[in-house]
Amino acid sequence: MLVRRILLVAALLCCAIPAFSQTPKAEIFGGYSFARQGDVNINKGWTGSVAGNFNRWLGVEGDFSGHYQGNMDMLTYRVGPKFSFRSEDNIVTPFAHFLVGGVRTKASGSGSYLGTDYSVSEASNGLAGAIGGGIDIGKGSIAVRVIQADYSVVQVNDLFGVSGRSNGVRLSTGVVFRFR
């Protein structure tokens, strides 16, 4: 009789714990992104990230973004810790992250001089970092990232090999897919 009760309680706990657990094991985000890097507004961009959560407040995130302005492209790839402030009874999930990684920039141009057409293209790799956070709203498998705001730093070499640093901001919004 005692063994049967213990087995019944164990079975109920095994079934009930996943129902109460609202922490996703993984999250995938994708959306639109606006960046201001240095004194350049880059309004054509995208951002995507993949996060694996260790518990309800700590995870690791890989973040990728691309921004395009005229004949300039900037692709960043960063990774770092993500701190989520989850509550079982609230649909709002604020988060903060600290990301480090790399950046690839490409600039190109073309023209004509005395009847001769020419084009120039230069690509450079460098370091990138970001610190920021955002707010996700939603329960279940899909949420909306209302805002993500990041302070962004990139350091790349220019056409002449001179290293330069640029500070900026990145604002993103989109959809989060959660996997439990």
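All values below come from the heavy atoms of this structure, side chains included, with hydrogens, waters and symmetry mates left out.
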**Student:** Quick one: does NZ or CZ of K82 land under 6.0 Å from the six-membered ring centre of F95, within 45 degrees of the ring axis?
**Tutor:**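 Cation-pi check for K82 and F95: passes.
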**Student:** Checking the side chain of Y32 only, and the main-chain atoms of N43 only, is there a donor and an acceptor separated by less than 3.5 Å?
**Tutor:** yes
**Student:** Go through the steps for T23 and N53 under the test side chain to side chain donor-acceptor pair (under 3.5 Å), then give the verdict.
**Tutor:** CA-CA 8 Å; T23 302; N53 297 311; over 6 Å; no
**Student:** Count the heavy atoms belonging to other residues, nucleotides or ligands that lie under 6.0 Å from CZ of R86, then report whether that count exceeds 12.
**Tutor:** yes
**Student:** Given R170 and R36, is the side-chain contact (heavy atoms from CB on, under 4.5 Å) satisfied, shown in steps?
**Tutor:** CA-CA 6 Å; R170 177 181 70 169; R36 179 173 175 85; over 6 Å; no
**Student:** Indicate, with yes or no, if Y151 and V169 share a hydrophobic cluster defined by side-chain heavy-atom contacts under 4.5 Å among Ile, Leu, Val, Met, Phe, Trp and Tyr.
**Tutor:**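 No; Y151 is not reachable from V169 via cluster members.
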**Student:** For K25, look at atom NZ and say whether over 12 heavy atoms of other residues, nucleotides or ligands are found less than 6.0 Å away.
**Tutor:** no
**Student:** Membership question, hydrophobic clusters at under 4.5 Å side-chain separation (ILVMFWY): are F177 and F29 in the same one?
**Tutor:**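 No: no chain of side-chain contacts under 4.5 Å links F29 to F177.
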**Student:** With side chain to side chain donor-acceptor pair (under 3.5 Å) as the criterion, how do H97 and D150 come out once you've worked through the C-alpha distance, each side chain's angles and the decisive distance to 0.1 Å?
**Tutor:** CA-CA 9 Å; H97 56 202; D150 297 309; 2.6 Å; yes
**Student:** Do S33 and S65 have side-chain atoms, one donor and one acceptor, less than 3.5 Å apart?
**Tutor:** no
**Student:** Is the closest basic N to carboxylate O distance between R145 and D136 below 4.0 Å?
**Tutor:** yes
**Student:** Kindly say whether E61 contributes a backbone atom to a donor-acceptor pair with the side chain of R78 at under 3.5 angstrom?
**Tutor:** no
**Student:** Can you check whether L75 reaches K106 side chain to side chain, under 4.5 Å on heavy atoms?
**Tutor:**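 No, side chains not in contact.
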**Student:** With no hydrogens and no angle check, just 3.5 Å: does a side-chain donor-acceptor pair link S172 and T47?
**Tutor:**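 Yes, because at least one side-chain N or O of S172 sits under 3.5 Å from a partner of the opposite role on T47.
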